[in-house]
Amino acid sequence: MTNLHGRTALVTGSTSGIGLGIALSLAEAGADLILNGFGDAAAVIAQVQAFGGKVGHHPADVSDPAQLAELFAYAEHDFGGVDILVNNAGIQHVAAVEDFPVERWDSIIAINLSSVFHTTRLGLPGMKAKGWGRIVNIASVHGQVGSVGKAAYVAAKHGVIGLTKVVGLETAASNVTCNAICPGWVLTPLVQKQIDDRIARGIDPQQAQHDLLAEKQPSLEFVTPPQLGELVLFLCSDAGSQVRGAAWNIDGGWLAQ
Ligand code: NAD
């Protein structure tokens with residue numbers, strides 16, 4: 001099992017869904033955790049603290065570079081820096097491109113893409129100075145293929161995979177790695193909203209869930225946050241040290257079609 005005692009992990013958007021699942025896996029492996037995201041942080045901190053490591057929460061809005069600088073200053077001051085950076089915070093909005101609200105486009109690009117650039121530029125110098133680091137970007141199958149109605153999300157996730165390749169190359173001769181993970185459907189609040197839209201159109205809840213999976217994900221099962229957490233642990237392990245600049249699918253077969 002990967003032993004992350006002595007390492008500090010920052011997971012953006014870890015008050016919910018996939019980010020929380022990844023934070024729990026990292027804490028179970030021994031890492032100290034800096035959580036980030038909106039909502040009730042106290043309950044989430046208690047859950048992660050149950051594994052015995054040091055846990056903090058910083059409420060930075062990842063779309064604001066100044067708040068991200070404050071987050072990294074807090075990490076340096078309270079934790080001695082960030083060894084494992086998981087860029088996970090993300091939002092979705094579904095609309096045809098000609099109807100896409102301009103402010104939703106701007107916020108999706110800022111939260112899902114530009115934040116990854118900012119945390120990477122803020123986090124890399126400390127990792128290089130310590131001679132070890134891991135950057136894991138939670139992209140999506142939508143970093144490799146499109147779907148109707150998701151112009152901003154698909155553009156942002158393709159951008160995340162491009163940025164991952166560049167950082168993977170720029171760090172290739174060091175003990176810092178940078179990779180992306182591309183999940184298919186994971187049943188989190190972000191996806192539940194899309195199921196609820198179908199239910200609102202009069203479709204039975206179980207049928208709505210089945211239809212969502214059947215359109216894209218051949219396994220007809222959701223990927224789970226603990227499965228994503230295990231993949232992050234592998235990328236943090238010595239065995240994962242030659243995986244560099246990759247976009248790793250974990251999608252029930254979505255991208256094999
Ligand atoms: P979620 O809505 O459950 O969680 C999103 C998290 O991001 C929350 O903690 C929220 O507080 C935080 N967040 C949102 N905006 C933020 C901001 N401006 N600043 C700081 N934190 C912010 O979503 P999820 O499904 O767990 O998605 C997590 C990541 O996984 C996203 O990047 C998403 O694109 C990606 N993803 C999700 C799926 C899926 O099927 N759920 C599939 C592929 C990729």
Side-chain angles (χ1 to χ4, degrees), residues 2 4 6-14 18-19 22 26 31-34 36 58 60 62-76 79-90 108-145 153-183 228 231-250 255:
T2 311
L4 297 177
R7 308 283 192 204
T8 295
L10 163 62
V11 185
T12 65
S14 44
I18 292 171
I22 291 170
L26 289 163
D32 293 333
L33 256 298
I34 302 170
N36 157 259
H58 192 284
V62 301
S63 68
D64 179 355
Q67 292 186 40
L68 286 175
E70 286 167 19
L71 165 56
F72 275 82
Y74 160 77
E76 190 60 43
F79 287 80
V82 173
D83 305 301
I84 298 163
L85 167 62
V86 181
N87 285 305
N88 167 79
I108 289 176
I109 297 300
I111 294 169
N112 295 18
L113 174 58
S114 298
S115 73
V116 181
F117 161 67
H118 292 299
T119 56
T120 302
R121 73 178 170 77
L122 290 163
L124 253 184
M127 293 179 187
K128 284 183 173 169
K130 286 190 196 170
W132 192 91
R134 293 288 186 269
I135 302 173
V136 182
N137 296 326
I138 306 305
S140 166
V141 286
H142 285 118
Q144 301 188 55
V145 293
Y153 188 86
V154 168
K157 295 298 186 181
H158 274 69
V160 168
I161 290 179
L163 176 59
T164 301
K165 289 176 182 171
V166 172
V167 178
L169 290 173
E170 289 184 3
T171 54
S174 75
N175 284 326
V176 179
T177 73
C178 177
N179 293 288
I181 291 178
C182 300
L228 292 164
L231 183 49
V232 172
L233 291 187
F234 171 72
L235 293 173
C236 291
S237 71
D238 290 342
S241 67
Q242 287 309 317
V243 183
R244 289 169 185 270
W248 191 314
N249 310 337
I250 171 164
L255 291 177

Parallel under 30°, tilted from 30 to 60°, perpendicular over 60°: which one fits the rings of Trp248 and Phe234?
->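 The rings of Trp248 and Phe234 stand perpendicular, inter-plane angle above 60°.
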
Are any non-hydrogen side-chain atoms of [X] and [Y] less than 4.5 angstrom apart?
| X | Y | value |
| --- | --- | --- |
| Phe79 | Leu10 | no |
| Asn175 | Ser241 | no |
| Leu71 | Leu68 | yes |
| Val136 | Leu231 | no |
| Leu26 | Leu233 | yes |
| Asn249 | Val141 | no |
| Leu113 | His158 | no |
| Thr177 | Val243 | no |

Indicate yes or no for a side-chain donor-acceptor contact from [X] to the backbone of [Y] under 3.5 Å, with no hydrogens or angles considered.
| X | Y | answer |
| --- | --- | --- |
| Arg244 | Thr171 | yes |
| Asn88 | Thr12 | yes |
| Ser115 | Asn112 | no |
| Arg7 | Ala31 | no |
| Asn179 | Ala246 | yes |

Side chain to side chain donor-acceptor pair (under 3.5 Å): which pairs involve residues 63-73, sequence neighbours left out?
->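 Residue pairs with at least one partner in residues 63-73: Asp61-Ser63, Asp64-Gln67.
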
May I have all residue pairs that pass side chain to side chain donor-acceptor pair (under 3.5 Å) and include part of residues 125-142, sequence neighbours excluded?
->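 Found Asp83-Lys130, Asn87-Asn137, Asn137-Thr164, His142-Ser147.
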
For a quick test of reading the model, state the closest non-hydrogen atom pair linking [X] to [Y] and the distance between them.
| X | Y | result |
| --- | --- | --- |
| Ala180 | Ala139 | CB-CB, 4.2 Å |
| Val11 | Gly19 | CG1-O, 3.7 Å |
| Met127 | Gly133 | SD-CA, 3.8 Å |

Go through the steps for Leu124 and Ile135 under the test side chain to side chain contact (heavy atoms under 4.5 Å, CB included), then give the verdict.
-> CA-CA 9 Å; Leu124 253 184; Ile135 302 173; 4.2 Å; yes

Please test Leu85 against Val82 for side chain to side chain contact (heavy atoms under 4.5 Å, CB included), starting from the C-alpha separation and ending with a verdict.
-> CA-CA 7 Å; Leu85 167 62; Val82 173; 4.2 Å; yes

Value rounded to 0.5 Å, distance of [atom1] in [X] from [atom2] in [Y]:
| X | Y | atom1 | atom2 | result |
| --- | --- | --- | --- | --- |
| Ile108 | Ser114 | CD1 | OG | 12.0 Å |
| Ile161 | Ile181 | CD1 | CD1 | 11.5 Å |
| Leu33 | Ile22 | CG | CD1 | 11.0 Å |
| Phe72 | Arg121 | CZ | CZ | 9.5 Å |

Go through the steps to decide whether Ile34 and Asn36 satisfy the test side chain to side chain contact (heavy atoms under 4.5 Å, CB included), and finish with yes or no.
-> CA-CA 7 Å; Ile34 302 170; Asn36 157 259; 5.8 Å; no

Pairs satisfying salt bridge (charged side-chain N to carboxylate O under 4.0 Å, His left out), at least one member in residues 155-166, at least two apart |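 Output for this query is empty, none listed.
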
